[in-house]
Every structure is written in structure tokens, then in C-alpha cells.
Colleague: 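Before I ask anything, let me first share the structure, which is written out below as C-alpha cells.
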2 protein chains.
Amino acid sequence: MNRPEPDKPESDKLGSSVTMRDVAKAAGVSVATVSHVVNNKPGARIGDDARRRVQEAVAALGYRPNALAKTLSRGGSRFIGLVADAIATTPFAGQIIHGAQDEAWAHGYVLLVANTDGNEAAENEAIAMMLEHQVQGILYSTWYHREIVVPELLHQTDTVLVDCFAENSGLPAVVPDEEQGGRTATEALLAAGHRRIAFINTTSPSPAQSGRLAGYRSALETAGIDFDESLVFPAEPAQEGGYATAPRIVESKATAVFCHNDRVAMGLYDGLREHGLSIPGDVAVMGFDNQDVIAAHLRPPLSTVALPHYDLGAAGVRVLLGLKTASTHEQLMRVTCPSVPRQSI
Amino acid sequence: MNRPEPDKPESDKLGSSVTMRDVAKAAGVSVATVSHVVNNKPGARIGDDARRRVQEAVAALGYRPNALAKTLSRGGSRFIGLVADAIATTPFAGQIIHGAQDEAWAHGYVLLVANTDGNEAAENEAIAMMLEHQVQGILYSTWYHREIVVPELLHQTDTVLVDCFAENSGLPAVVPDEEQGGRTATEALLAAGHRRIAFINTTSPSPAQSGRLAGYRSALETAGIDFDESLVFPAEPAQEGGYATAPRIVESKATAVFCHNDRVAMGLYDGLREHGLSIPGDVAVMGFDNQDVIAAHLRPPLSTVALPHYDLGAAGVRVLLGLKTASTHEQLMRVTCPSVPRQSI
DNA sequence: ATGAAAGCGCTAACAA
DNA sequence: TTGTTAGCGCTTTCAT
């Protein structure tokens, strides 16, 4: 024997690969036995003694099962892929990752993420990579609610669309319930006694544009108020849009305004202030999105309706895992946008 | 023969497991050969004919290598773990994920993410999970720059700290260069001709608090301006803090203000406006963080200094992969905070 | 130039 | 109750 055994008694850092065999040897049992006790196999009768010895060996050696090997032999990994067009980029939509991760975790799955920046090549590479890693399925998400065309590769595995949808793709989708959100926002204003409620809507066609408008109308109708076309103002969905619309809001004599989103509300705040109007004293303002940095810290704090990003992510994995089926016939699952009351009403 | 072969000619969706053996059979060669051509092995002499047949079979069958099996047999996976305390939660720090993912990707690695919400149990579980998945190493990051105590488990693999550090842990860390950032911010004000520059600093002790102050002093000194203690105002690092400090800023006769962060600047805008002061006409304002939703959309748009989250993430994986060593003796790598000029100066 | 065969760490029959 | 053994899909000597 001339190969001096390199002495690494304790579980060291690099290549800390203590295998099941090592444990078996140390405990004086077979790998099968080790496997059974580490996994706490149900129908496995292991002697108290053997079990104890294995456990001790595991502890002593610092054994850690190799999840990859396990996957290989058992088939079916514990990975879920999340490919996003810009989700880690945009401020609050990162919550989709968070929700997906938590939910995946809760079911023993690990999240593999890839940001594609909307680049098609990157997207395909990302999906391919996930496929090669044997993901159980893929969550394909966008940073704002819209219709997409599904990348071909996605059909090679189970996938669910998150915060986006594709009409005849047959793929389940989880999206925010824009209409309910619009209704909720309007109802909050109604509840505060307002009857003349303006709506600053976005100019870009989208589920948000039509959905929130529908919700606004529906709430008014329910309250017995006639819809007044002249009270809905199209505007760029940003601060500038809200600011620019302020004069017309003042003219309209509306006592409350439902803004397409928080940024518009932020701009409106500025515009209204320049007109010497106070919020909510002179006019009540309702936002949408619940973009925290903005909404919670405007003066006064903005009442708004939240986009349920966290829930979208979580619901996405639930659907993927088959724990919850996208209910409606069109397998489109709408997630509630909750009201977030603050002081602008 | 009584087992009717289920006919799935085309690469179907579920269990689309076309293995290397299938390809080998189809091409009439051995798996070794297939392995060689798929991986384009350098020192492998494969006949033109065989190579072609393999490639055709691969295409025909829709073969896709199993990355997990590859890892098992070759040893050394292509995973990098990212455990964050709240990174997917907080608005802009999600950029750390983005940067890490892009860089990992560029080197053929896949990102495994876990959000722990600062919960220690979740944290350990997350790290353990990553270890079991044979990650090459772990990026441990926090959502704001601070000192941490390193979870014991992290020592079982290579890890680099991102946006945080631990004095005597021996672990490399990548953090924003707060001092340079403070200097840069102050210099921007100086460059615009200001000599009486106030600094609204946070009240919470942190690398940001001390670093930005040091940068502020250093810039003044270089400009030959005496540091005036009465010009630095402690304030809560949020809108409210900036708003509340406005009166004292006015009193101080400062012509420019460097705010600890953009939210403070946002509050200051409100306060200044109430005093009838305009920006930048009456007083110039500089922020810090470059929190997009705020900075780019205030009126006027806020000049600020960016926290380089994307770069932190990217640099983190570079250090982890040994492509770049955390230079200084203390293996603390400081990343530059770039100036983002807009219209508030 | 190509193939056979021995693993990688683990699971799951099946024996004993 | 415990051990043997044959894979899982792939890489990699080592023969041929």
C-alpha cells in the first residue's frame, strides 16, 4: 500500500460526497437499508438497532442525499421551470417569482428561473435548458397581463401561462381578474358617497384597458348610475398621463377619479395640487396596481386595488401540479384583485 | 409476443424520454458513438457516415440529452443557487436575480432560486435543498446592503455574499461602493456650481449611512469646502423623512440637497413645494438608489445615483465561478454606483 | 473508427 | 428484517 490516504476525516467542503454506500458501510448494513431509513419508507420494517446505527452514521458522516441521482433512478424530477420575459426586471412583478417559489417549495419542488428579456432566441434556449433538466413543467409568465403567442417548445412539456394567455393554445392560464378589479375600485368610490366618478383609462388596448372599464361600468350600473362617456379620459398610463388629464378632470366636475394605475394617480396628484384641489377633500382618487413605492407613500397614501402577482405565481404552480384546475371551460383562471384602502378617498 | 406495442411514433409530450440508446439503435451505432457526436467530443474520430446517421436519428427522434444523468456520471452539476432574504419581494433588488441569471446562463449554468423571507428555518431548508441538488455554489444575498451572520450550512459549499458581508467569515462578498456613490452624488451637485450642499442622511446605522456620508465629505474636501456638521440632517429614510426635513433645509439656506435615497427626495419634493420653492431653480436635489418608479417620474425627474443591483448579481456569479477574484485583501469587492443625471439639478 | 462495459448515487423489486 | 441486484441515462476508459 503506497497510496497515502489523504486525511479528510470530517465532512469537508469541496466534494463532500459522502454516498449512501459510505453510510451503509459505516453502519454495517446494506444500501437498501440505508435508503429505507433515510426516506422513512412506509412499508419497510427495519430493526430498531439497524435504524439507529444508520441514523448515527448519517449524522457522523454528514451524509446528504443526492437529489439528482434520486431523480434519475426514480424518474420524475422535482423541478419547476419559470421562464419570464422581464419579470425580475420590473419592480413588483418579481412577486410572481416569489409566489411560485413559495408554492413550489411547499410541495417539495425547486424553482428554476430564467429571464429572457423577451428575446425569442434566449427564450428557446431557456426552455430547452429546462427541458433537459427534466422539469416537471414550465410556468411561462409575462410582466404585464397580455395575450401572447406560445413558443413552440412549450408544447413539449406541461406548461401554464401566468399573467398572460393564448386564446386557442389549449394551455391553462392564470390571470388577474381585471373586471372585478375595476368594479372593486369603483365600488370603493361609490361607497364613499361619490356619484360623479371619472375614469382615466389607458390608451393601449389590453385586457387591463377593457377589463377595468367593464368593471367600472358594471359597478356604476349596479349603483343605478348612468354611464357617462364623457367621464372616461384616455391617457398615457404613466405619471405624465395623469398630470396632463388633471385640467379636464377639474372641468368635468367629477368628485372622484378612478385611475388606470398608480402612476397615473401619482401624476394626477401633482396636477390636482396645481389646481389648488386637495385629496380627498376636493376629489377622491383611486389607483390600481398597488405599486408599493408609489401608493403607500404618496401624500395622502393612495387607495388602490392590488394586482395579485404573488397569487398568480402560486396559483400557477398549483395548476401545473394539478392541485387546482383552471376552472372555467376555457381553462382561464382569474385571480381576484383585492382592494387596498388608504387615505385618498 | 402478446404485449401490444403502444404506438407513439412521434416524440410525444409526456415522458418524451428518447434516450441515447434509442438514438444509438436508430442510427445503428453504439451509445458511446452517439455520446461522442452529440457532445462533439474533441479527440473523437467518428466516421462521416456514422456521424451523419446519428445526427439524423437525433433530429428524427427529437432526442434531448438528460442534463441530470450527465451530471451524475460526469460529476459537478451546472447549478448555481441563489438564496435571498427578500429579493423577489422588494421592488428593484429583483435585479440581483436578473444579473445573476444572465451571467450564470452565459457560462452554461442554471439558477436555482429560493426566497427565505429572512426566516432562518426556511433559509436552512433552502440551503440544504440546494446542497442536495449538487449546486456548484451559492449566492447568498440580502435586499439591502448590510452585515450579516453567515448561516452555518453555507460553509459546506462555495458561497459568495451579495449585497451583504460578514467580517471574519472568510467569505468573498460583493457590495455596492457606498462611499464612491456618495462622492459621485455630491460631485454632481458641486459640478452644477453649488457650494452650500445639505445632506439628509438616514438615521439607521448601516454601510449606506456611513459610506455615503464619507463620500459626501470626501467630495466637499476635494472641492475645498469645509464640512459643516449643521448641514447634515438625520431623517427617517422614507418619504416622510424627506418631507419632515424640508423646513430645516429651507432654514439652512442650502442651495442643493443630497438625499440618502430617492424616497427621501420624493418627500423633500413635497415639502419644498409647500414652501413655494422650485426644483432645481431654487434648490437642486440629488437622490440615491435610482428607484425607477420614483426617480424617473417625479416632476422634475430626479437626478440620482444607481445602486448596481444587476451588476452585483452578475459579479457575484463571476466571483463564484472564479472568473474574477474579490480583489482586495479582505475579499470585499465594491461595485461602482453610477450617476444617473436627470432634471433635478 | 467504433463498441463493450464499468460506473455515477440512488431506488425498487425480489431474494433470503 | 435485511441484502442483492438490476437499472435510470450518460460518460469514459479500454479493447477491438
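In what follows, chains are A, B, ... by sequence order, proteins preceding strands, each numbered from 1.
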Colleague: If you count every heavy atom of other residues, nucleotides or ligands that lies below 6.0 Å from B:Asp49 atom CG, does the total exceed 12?
Modeller: yes

Colleague: What is the distance, rounded to the nearest whole Å, between atom CZ of A:Arg51 and atom P of D:dT2?
Modeller: 9 Å

Colleague: Just to be sure I understand the rule, does B:Val29 reach a base, reach only the sugar-phosphate, or reach nothing, if contact means heavy atoms closer than 4.0 Å?
Modeller: sugar-phosphate

Colleague: Summarise protein proximity over nucleotides 6-15 of chain C in one line of letters, 5' to 3': B for base, S for sugar-phosphate only, - for none, counting protein heavy atoms closer than 4.0 Å.
Modeller: -BBBBSB---

Colleague: Does B:Tyr310 have any ring pair (Phe, Tyr, Trp, His ring centres under 6.0 Å) partners at least two apart in sequence or in another chain, and if so, which?
Modeller: B:His98

Colleague: Regarding B:Gly76, tell me which of base, sugar-phosphate or nothing describes its non-hydrogen contacts under 4.0 Å with the strands shown.
Modeller: nothing

Colleague: For the pair made of CZ in A:Arg78 and C1' in D:dC8, what is the distance, rounded to whole Å?
Modeller: 17 Å

Colleague: One pair to check against side-chain contact (heavy atoms from CB on, under 4.5 Å): B:Glu132 and A:Lys70. What are the steps and the verdict?
Modeller: CA-CA 10 Å; B:Glu132 293 181 9; A:Lys70 182 178 307 201; 5.9 Å; no

Colleague: So does B:Thr33 get a side-chain nitrogen or oxygen closer than 4.0 Å to the phosphate oxygens (OP1/OP2) of C:dG3?
Modeller: yes

Colleague: Can B:Asp85 and B:Arg146 be counted as an ion pair, charged N to O under 4.0 angstrom?
Modeller: yes

Colleague: I need the NZ-C1' distance between A:Lys25 and D:dG3, as an integer number of Å.
Modeller: 16 Å

Colleague: Quick one: side chains of residues 20-30 of chain A, donor-acceptor pairs under 3.5 Å with protein atoms, not counting sequence neighbours, listed by atom name and distance.
Modeller:
| unit_1 | atom_1 | unit_2 | atom_2 | d |
| --- | --- | --- | --- | --- |
| A:Asp22 | OD2 | A:Thr19 | N | 2.8 |
| A:Ser30 | OG | A:Ala32 | N | 3.4 |
| A:Ser30 | OG | A:Thr33 | N | 3.4 |
| A:Ser30 | OG | A:Thr33 | OG1 | 3.3 |

Colleague: Between B:Tyr140 and B:Phe165 (judged by ring centroids, cut-off 6.0 Å), do the two rings come close enough to count as a pair?
Modeller: no

